[in-house]
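To start, the structure itself, in structure tokens.
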Amino acid sequence: GTSSILAAAIVASVGAVHGVAYDKADLVHAVLLVEQMLTTGGGWQDQAGGVYPALNISFSPPSLPLTVRTEALQLPREALQRLDAHLALIYTGK
């Protein structure tokens, strides 16, 4: 998972330096290509989760060429409050 997110950051940064602005869908596919070139055998789930903010669902029909769709999930306020009460983000870096 971390390698996919790192690859997304690198691809987006190199693109920005060269004047290429990737939209989120293109970035997910670019990272998939990077991972295939590196023969890591990765899928698209990790980068989709790292590239799109918030709570989403991503899916791809079983066909080629691969197309990944990501949709934001709209949760009821009560569900968001329950999640907020039970989740914590802890930074352990320096």
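These numbers were taken from a predicted model, which means no experiment stands behind them. If you read the sequence from its start, that first residue is 1, and numbering goes on from there.
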Approximate separation, where rounding is to 0.5 Å, of [X] [atom1] and [Y] [atom2]:
{"X": "R69", "Y": "N56", "atom1": "CZ", "atom2": "CG", "answer": "12.5 Å"}
{"X": "I5", "Y": "I10", "atom1": "CD1", "atom2": "CD1", "answer": "12.5 Å"}
{"X": "R82", "Y": "L87", "atom1": "CZ", "atom2": "CG", "answer": "11.5 Å"}
{"X": "I57", "Y": "T70", "atom1": "CD1", "atom2": "OG1", "answer": "9.5 Å"}
{"X": "E71", "Y": "L55", "atom1": "CD", "atom2": "CG", "answer": "12.5 Å"}
{"X": "L33", "Y": "D26", "atom1": "CG", "atom2": "CG", "answer": "10.5 Å"}

(message) How close do G15 and Y22 get, counting heavy atoms only, and between which atoms?
(response) CA-CE1, 4.1 Å
(message) Could you report the tightest heavy-atom contact between V11 and A30, atom names first, then the distance?
(response) CG1-CB, 3.9 Å
(request) Answer yes if V14 and L38 sit in the same cluster of Ile, Leu, Val, Met, Phe, Trp and Tyr residues linked by side chain heavy atoms under 4.5 Å apart, and no otherwise. (result) no
(request) May I ask whether V20 and L27 are part of the same hydrophobic cluster, defined by side-chain heavy atoms of I, L, V, M, F, W, Y residues being less than 4.5 angstrom apart, directly or through others? (result) yes
(message) With a 4.5 Å cut-off on side-chain heavy atoms, are P53 and K24 touching?
(response) yes
(message) Running the 4.5 Å side-chain criterion over Ile, Leu, Val, Met, Phe, Trp and Tyr, what cluster does I90 land in, apart from itself?
(response) none
(message) Taking CD in E78 as the centre, count heavy atoms belonging to other residues, nucleotides or ligands within less than 6.0 Å. Is the count above 12?
(response) no
(message) Please check: side-chain N/O of Y52 versus main-chain N/O of A25, any donor-acceptor pairing under 3.5 Å?
(response) yes
(request) In sequence, state the C-alpha distance, the side-chain angles, and the governing distance for V51 and V31, and then conclude on side-chain contact (heavy atoms from CB on, under 4.5 Å). (result) CA-CA 10 Å; V51 167; V31 171; 5.7 Å; no
